[in-house]
Amino acid sequence: MPSPLVRRSIWLVGMAALAVALIIALVPFLASTRIVGDRIAYELSSWSGYRVTIGAAPEIRVWPSLRAIVTDVAMTPWDALDHPPVIEAERIEIKLSALAALRGDAVFSAAELVRPTLRLERMQDGRYLPESADGGRIANAIHDAREAIAANVEPAAVERSLSSRELGTISMRDGRVTEFADGKDEEILTGLTGKLNWPALNKAASVSLSAIWHGEEVNLEASLAKPLVLLAGGEAPVAAALTSAPATASFDGVVKAAENAYVDGKMKAAAPSLKRLTEWTGTEMASTASAIGSVSIGGRLVGDTQRMKLEGAEVALDKNPGTGALDLSFSERVPVVSGTLAFDTLDLSPILTAFTPATSEKAAAEIDPVFANLINLDLRLSAAHALVDTVMLADVAATAQIKNSIVAFDISDASAFGGNLQAGVRFDRKPEGTQAEMRFLASDIEGGAFGAAAGMTRLVPIGRGNISLILKGPGRVWESIIENGEGTISASFGPGALPDFDLAGFQKRCDDGGFFPLDEVSKGTLPIDGAELKATVAHGVIRLEKAEARSPQGRLWLTGIIPYVSRGLALSGGIVAPDAPATEDSQPPASFFVGGSWNAPFVSPVNSD
């Protein structure tokens with residue numbers, strides 16, 4: 001049986017433990033009696049630098065921890081009390097230090113803003129910022145850090161001079177960000193939810209936010225190793241990632257955001273649909289972007305507010321990867337993007353579509369004028385293999401340019417059809433209308449392969465030759481450009497053959513009289529020693545000045561007009577015997593006419609009587 005001394009000791013220990021437990025339990029309750037709304041408002045004001053008003057006395061809760069709940073909170077600049085609150089919240093839930101509260105102090109360790117509103121105003125330089133606060137602990141800490149940085153002291157000395165005030169975690173739920181202008185709020189972000197974890201002003205911070213922008217959810221994760229140095233205009237490491245359905249982006253490097261601002265770090269950005277991205281961001285270039293599907297870009301981003309470089313750039317257009325270097329300059333009226341990109345394989349069809357007019361007035365007619373006013377572009381592209389529709393090109397060198405009112409895309413060199421190709425389109429947007437120019441030059445190509453790819457097997461001879469096409473004129477779509485434009489077409493081929501043409505059958509049908517479809521004499525091939533074509537294009541009409549094929553059986557010639565709009569034919573022609581003398585100034589009398597349409601031509605022999 002325990003001695004009386006032992007029993008008394010046990011009772012004393014138990015009573016002491018009970019007293020401690022009661023004191024711990026009572027501390028929050030006792031502290032709550034010392035907390036008043038003015039003190040909370042004072043602390044909020046001391047941190048933010050704004051005048052803080054609270055709608056009602058705070059509600060104090062002691063379990064499971066000491067918390068104060070204040071409602072109808074408004075933060076207004078001290079020198080502009082008639083200004084709408086820069087920050088307002090329906091409710092703020094503040095986690096308090098109970099021991100500090102016993103002294104009548106309100107020391108925050110965490111705060112959650114419920115349905116807050118942050119009002120921004122557009123500055124003259126285009127940035128969106130809140131109305132500035134008059135002092136405050138954070139502003140004063142930034143000011144002191146800025147002075148230390150301006151004194152050019154060692155980075156270690158700057159860090160030692162930073163304020164060590166504890167801040168904690170600030171979170172928000174269902175907030176919004178607005179632009180305040182002309183006495184009205186226009187929403188920029190809604191559904192803003194997340195938190196800032198900043199234990200102390202001289203410590204690292206992390207940010208996790210989600211919000212709705214233009215109908216899409218956007219998530220931001222950021223890690224700031226030296227947030228106070230960064231806010232004071234110093235250099236500091238930053239790692240950030242932004243994710244959304246239309247686009248993702250990330251950066252990991254060094255940032256200086258104040259005077260002489262610059263960045264140096266690895267960046268990545270990707271969009272599964274460029275059209276969706278442009279519609280989401282409201283850049284008004286969806287007609288151009290619709291031609292190009294997915295886009296991704298990455299590399300080392302280095303530069304300042306005047307010029308940035310993307311070194312070791314890795315770019316993918318519709319999953320076609322390329323490498324090179326890009327330069328972004330802000331020294332002109334609009335940003336200038338220039339550089340070189342090399343691809344192993346590249347589909348040029350979307351790019352050509354983006355740089356050429358559509359085929360209908362109902363569709364976007366040319367590269368978006370708004371987009372052309374937003375950026376200047378000068379890119380050098382190369383590809384070991386490139387695809388244009390179903391045509392495969394090799395060793396391609398091309399340029400894409402947008403400058404002021406001029407939009408141009410040029411293939412300066414490419415191998416195809418056993419020869420070389422050059423092609424280009426150019427649009428000059430002038431007040432009186434858009435002027436267009438198209439150039440195409442094929443040298444030493446195999447005509448049969450070219451005709452099959454172009455869907456003109458009957459028109460292009462089999463054999464090696466050259467083709468040239470130049471067309472200039474006003475218009476917004478190809479139909480109007482050809483209808484109103486002027487240009488020339490020329491072609492010359494050496495020994496080869498005319499496909500789908502039976503000369504003996506053709507002559508027999510002409511001798512029999514009566515018109516007949518050309519398809520009736522398409523079974524056969526006519527060997528030729530050469531062929532030549534010269535034509536002009538004016539106001540939608542192709543006028544054949546010279547079109548002839550020379551064969552051992554004779555010389556086949558055509559002349560006349562081919563209206564583009566109606567796709568009709570109005571040609572006359574003949575077949576001259578091999579031993580007939582050549583005439584330079586005029587053709588011999590026609591022996592047949594060709595009419596009908598491009599798809600279904602008919603031949604009508606000329607009566608020899």
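Positions are given from 1 along the sequence.
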Which atom pair, heavy atoms only, marks the closest approach of S45 to Y50?
-> OG-O, 2.6 Å
Could you please spell out the steps behind the side-chain contact (heavy atoms from CB on, under 4.5 Å) verdict for T178 and I188?
-> CA-CA 5 Å; T178 68; I188 300 175; 5.7 Å; no
Which class fits the ring pair H83 and F180: parallel under 30°, tilted 30 to 60°, perpendicular over 60°?
-> tilted
All heavy atoms of L341 vs all of V315, minimum pair found to be CD2-CG2, 3.9 Å
Looking only at heavy atoms, which two atoms of V396 and A386 are closest? And how far apart?
-> CG2-CB, 3.7 Å
Is it true that a side-chain atom of S412 and a backbone atom of A397 form a donor plus acceptor pair closer than 3.5 Å?
-> yes
Does the side-chain contact (heavy atoms from CB on, under 4.5 Å) test come out yes or no for R91 and R173, once each step is laid out?
-> CA-CA 10 Å; R91 186 169 79 252; R173 178 166 23 116; 3.9 Å; yes
Nearest non-hydrogen partners of V158 and A148, listed with the distance | CG2-O, 4.0 Å
Less than 4.0 Å between a side-chain N and a carboxylate O, is that true for E112 and K95?
-> no
side-chain contact (heavy atoms from CB on, under 4.5 Å) between Q401 and L377, worked out = CA-CA 5 Å; Q401 294 180 313; L377 183 70; over 6 Å; no
Look at D378 together with K403 and state whether they make a salt bridge at an N to O cut-off of under 4.0 Å.
-> no
Do S349 and D389 have a side chain donor and acceptor closer than 3.5 Å?
-> no
Using a 4.5 Å cut-off on heavy atoms from C-beta on, say whether the side chain of V336 contacts that of L328.
-> no
Side-chain heavy atoms of F409 within contact of L381, under 4.5 Å = yes
First locate atom CG of L317, then atom OG of S294, and finally report the distance between them rounded to the nearest 0.5 Å.
-> 8.0 Å
Taking C-beta and beyond as the side chain, do L387 and M392 meet within less than 4.5 Å on heavy atoms?
-> yes
Pairwise side-chain contact, H385 with L346, heavy-atom cut-off 4.5 Å (strictly under) | no
Only residue of L277, L220, V218 satisfying side chain to side chain contact (heavy atoms under 4.5 Å, CB included) with S244 is V218
Report yes if the side chains of I138 and W47 come closer than 4.5 Å at any heavy-atom pair, otherwise no.
-> yes
Residue pair L192 / V177, side-chain heavy-atom distance below 4.5 Å = yes
Are there more than 12 heavy atoms of other residues, nucleotides or ligands under 6.0 Å from atom CD of E88?
-> yes
Could you grab the distance from atom CZ of R119 to atom CG of D185, nearest 0.5 Å is fine?
-> 4.0 Å
Closest non-hydrogen atom pair, F330 against R307 | CD1-N, 4.3 Å
Could you give the distance from CZ (R380) to OG1 (T340), rounded to the nearest 0.5 Å?
-> 9.5 Å
Which pairs count as salt bridge (Lys or Arg N to Asp or Glu O under 4.0 Å) when at least one residue sits in residues 216-239, sequence neighbours excluded?
-> E159-K226, E216-R276
Out of curiosity, I170 CD1 to L196 CG, how far, rounded to the nearest 0.5 Å?
-> 5.5 Å
Determine, for R137 against E43, whether the closest basic-nitrogen to carboxylate-oxygen distance falls under 4.0 angstrom.
-> yes
Taking N140 for the side chain and G136 for the main chain, is one N or O donor matched with an acceptor at less than 3.5 Å?
-> yes
Is there a side-chain contact (heavy atoms from CB on, under 4.5 Å) between V254 and V238 once you walk through the steps?
-> CA-CA 6 Å; V254 174; V238 174; over 6 Å; no
E93 atom CD: more than 12 heavy-atom contacts under 6.0 Å = yes
Grab the two heavy atoms, one from R51 and one from T53, that are nearest each other, plus how far apart they are.
-> NH1-CG2, 3.3 Å
Separation of T117 OG1 from I87 CD1 (nearest 0.5 Å) | 10.0 Å
Side-chain ion pair, D264 and K256, N-O less than 4.0 Å | no
Does the side chain of L230 reach to within under 4.5 Å of the side chain of L228, using non-hydrogen atoms?
-> no
Could you tell me the separation between the CZ atom of R115 and the CD1 atom of I92, rounded to the nearest 0.5 Å?
-> 12.5 Å
When you look at N197 and T169, which way does the side-chain hydrogen bond (donor to acceptor under 3.5 Å, both in side chains) test go after all the steps?
-> CA-CA 4 Å; N197 185 19; T169 300; 3.2 Å; yes
Report yes if the side chains of D413 and D395 come closer than 4.5 Å at any heavy-atom pair, otherwise no.
-> no
